[in-house]
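What follows is one structure encoded as structure tokens, with my remarks underneath.
Numbers here are sequence positions counted from 1.
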Amino acid sequence: MVNSLTKTIIKLTTKLTPISVGTKFFPTNSLETEYVELFNYTNTILFEIDKAEITSDSILNNLIRDVGAENLPSEGYTFHELKAAENRIEEYALVSNIIMGSDRYFYIELPHPSRLIDIFVKIIENEGGEVVKKTSTELVAKMLSKNDAIRVAIELIGIGLSEGTQVISAVGMTGAASIERAIHYTQSIGTFPGIAFTKLGGEYALVFDEPFLLKESRPVNLENYLFIDLIDSTKFISKYGRNQLVDLMTGIKNFIETECEGELEGYREGGDDFIARFPSKDLAIRAGLDAAWFALQNNAKIRAGIGRSRREAGERAQMVDDLEAISPLSLVVFELANGLYAYNIPSEFTRTLINLIENQKSKLIGVFLFVFIFAYVMSILGLGIFSIVGVILALIYAFIV
């Protein structure tokens with residue numbers, strides 16, 4: 001999607017490793033189309049700050065952390081890798097999660113008709129889930145997140161084992177995807193009780209070997225905070241006025257509260273920073289991106305960090321100050337797997353340069369040839385000091401033509 005020259009120039013100017021520019025995600029509805037167009041129009045860059053090491057062990061550790069160790073039996077289960085995840089981040093999968101949200105479907109299958117189906121329906125509804133389809137041996141339900149779906153499925157598997165019934169489950173982006181994953185599970189593992197799911201592009205399963213009952217299955221209370229700070233607000237105020245700052249921050253605040261389910265903390269009208277709390281990380285990233293895009297439209301840059309605590313979010317936002325980029329970067333920094341990544345909304349200059357390299361190579365070659373010939377002629381005439389004039393003229397041509 002982006003050639004090596006573009007990535008090299010971005011790396012030289014930012015001192016960070018770019019994974020992608022824009023997105024390869026294919027939209028299927030108006031909301032997805034809106035976001036994909038924003039990613040591609042603004043040339044939003046995904047950076048790798050601290051590379052995640054994606055292994056089977058790290059997937060299991062993250063699963064236990066996200067689902068909650070208290071929601072898993074202490075023993076009597078095995079972790080299977082059905083399809084290994086690649087040791088890299090796929091940007092379109094990340095974009096998919098941000099746009100489509102964290103809710104997931106899961107499928108439950110019993111070997112024979114049982115009253116357990118009705119018990120499972122009540123448990124799912126008590127956990128905030130929605131039963132989409134039910135028969136005497138199967139049901140498809142929708143939960144608020146993948147972690148909730150896995151957690152509730154484990155609870156149902158435990159109840160099934162206590163009743164001598166082997167329950168097979170799987171989680172997917174859609175109901176059909178969860179059913180398909182359950183089929184793959186039985187083909188790979190057999191008809192043993194367990195749950196199949198995906199993590200970072202790989203497919204995995206928990207298989208339970210013996211009966212267990214959890215004391216009480218409770219969702220893990222993972223906080224998601226977004227810290228936003230306007231970069232160089234003093235300069236922004238002197239150039240555009242304090243009223244423009246208030247309008248900018250109020251616009252960001254209103255979007256976060258109305259569109260991203262965010263709760264603002266410690267916001268003071270006229271201030272240049274705030275913290276907001278979100279029910280899920282994808283909503284926090286989405287809010288950070290929208291804030292950065294909105295700021296760009298208003299000639300401003302933000303630094304944003306997402307974390308499980310206020311302090312962690314603030315520290316990630318402040319990482320922007322320690323970067324060795326040529327100019328301050330508008331970044332949204334967040335954790336993914338066990339690494340750190342960031343979205344950057346590039347400046348108008350950077351976007352124009354990317355567009356020249358990607359889409360107007362002939363113009364770019366012409367600009368370089370003009371600069372080279374102009375500088376050569378000036379040096380022959382003993383006027384080498386005026387070579388900079390050629391550079392300026394070439395830049396003006398590149399940007400306005």
Side-chain angles (χ1 to χ4, degrees), residues 1-23 35-49 91 95 228-241 244-245 247-249 251-252 272-273 285 287-305 316-334 341-361 363-364 367-368 371 388 391-401:
M1 188 176 94
V2 179
N3 67 43
S4 56
L5 177 59
T6 301
K7 289 191 175 183
T8 300
I9 291 175
I10 291 172
K11 190 170 184 177
L12 286 172
T13 55
T14 63
K15 311 301 181 184
L16 294 173
T17 302
I19 294 177
S20 65
V21 177
T23 180
Y35 272 87
V36 167
E37 287 178 350
L38 277 170
F39 271 102
N40 291 328
Y41 173 74
T42 60
N43 293 129
T44 299
I45 304 170
L46 177 62
F47 282 119
E48 187 172 69
I49 297 176
E91 69 80 18
V95 171
I228 288 181
D229 182 27
L230 199 68
I231 295 175
D232 205 349
S233 57
T234 303
K235 181 179 178 181
F236 182 86
I237 291 171
S238 65
K239 189 172 183 179
Y240 300 103
Q244 187 71 12
L245 172 69
D247 290 343
L248 172 63
M249 298 303 288
I252 294 173
D272 62 356
D273 60 7
I285 297 175
L289 274 168
D290 276 289
W293 284 327
F294 185 68
L296 179 68
Q297 293 175 349
N298 289 272
N299 305 304
K301 294 181 179 180
I302 65 164
R303 55 179 186 171
R316 287 176 180 167
Q318 290 175 6
M319 289 177 64
V320 177
D321 299 337
D322 299 326
L323 300 177
E324 299 177 357
I326 293 175
S327 62
L329 299 176
S330 186
L331 285 187
V332 181
V333 184
F334 53 92
Y341 294 81
Y343 275 118
N344 166 235
I345 314 303
S347 65
E348 187 69 34
F349 176 85
T350 303
R351 287 162 55 194
T352 303
L353 185 59
I354 291 171
N355 183 54
L356 279 171
I357 297 171
E358 292 294 318
N359 305 314
Q360 302 183 55
K361 292 183 178 64
K363 180 190 286 188
L364 189 64
V367 167
F368 277 114
V371 171
I388 187 66
V391 175
I392 294 172
L393 290 173
L395 286 174
I396 292 173
Y397 169 78
F399 279 88
I400 66 175
V401 176

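Here the rule is ring pair (Phe, Tyr, Trp, His ring centres under 6.0 Å) with Y343, and of F334, Y35, F47 only F334 fits it. Evaluated for a side-chain contact (heavy atoms from CB on, under 4.5 Å) with I45, the options I19, T14, V21 yield exactly one hit, V21.
The shortest side-chain heavy-atom distance between L248 and Y240 does not fall under the 4.5 Å cut-off. Side-chain contact check for F236 versus I231: every heavy-atom pair is 4.5 Å or farther apart.
Taking each heavy atom of P346 and T44 in turn, the nearest pair found is CD-CA, 4.2 Å. The two residues A304 and I228 come nearest to each other via the heavy atoms CB-CG1, 4.1 Å. Closest heavy-atom contact between A292 and I302: N-CD1, 3.6 Å. Taking both residues in full, the closest heavy atoms of N40 and G22 are given as OD1-CA, 3.3 Å, listed atom of the first, atom of the second, then distance. Between V332 and L289, the shortest heavy-atom contact is CG2-N, 4.1 Å. Shown here for G305 and A317, the closest heavy-atom pair between the two residues is N-CB, 3.5 Å.
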Assess whether side-chain contact (heavy atoms from CB on, under 4.5 Å) is satisfied between L16 and L329, documenting all intermediate values. CA-CA 11 Å; L16 294 173; L329 299 176; 4.0 Å; yes
Evaluate the criterion side-chain contact (heavy atoms from CB on, under 4.5 Å) for residue pair R303 and D321; output intermediate values, then yes/no. CA-CA 9 Å; R303 55 179 186 171; D321 299 337; 2.3 Å; yes
Can you list the steps and then say if D272 with T234 is a side-chain contact (heavy atoms from CB on, under 4.5 Å)? CA-CA 9 Å; D272 62 356; T234 303; over 6 Å; no
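Remark: E48 CD to E91 CD distance equals 13.5 Å, nearest 0.5 Å. If you take CG on L331 and OH on Y341, they are separated by 15.0 Å, rounding to the nearest 0.5 Å. Rounded to the nearest 0.5 angstrom, N298 CG and M249 CE are separated by 11.5 Å.
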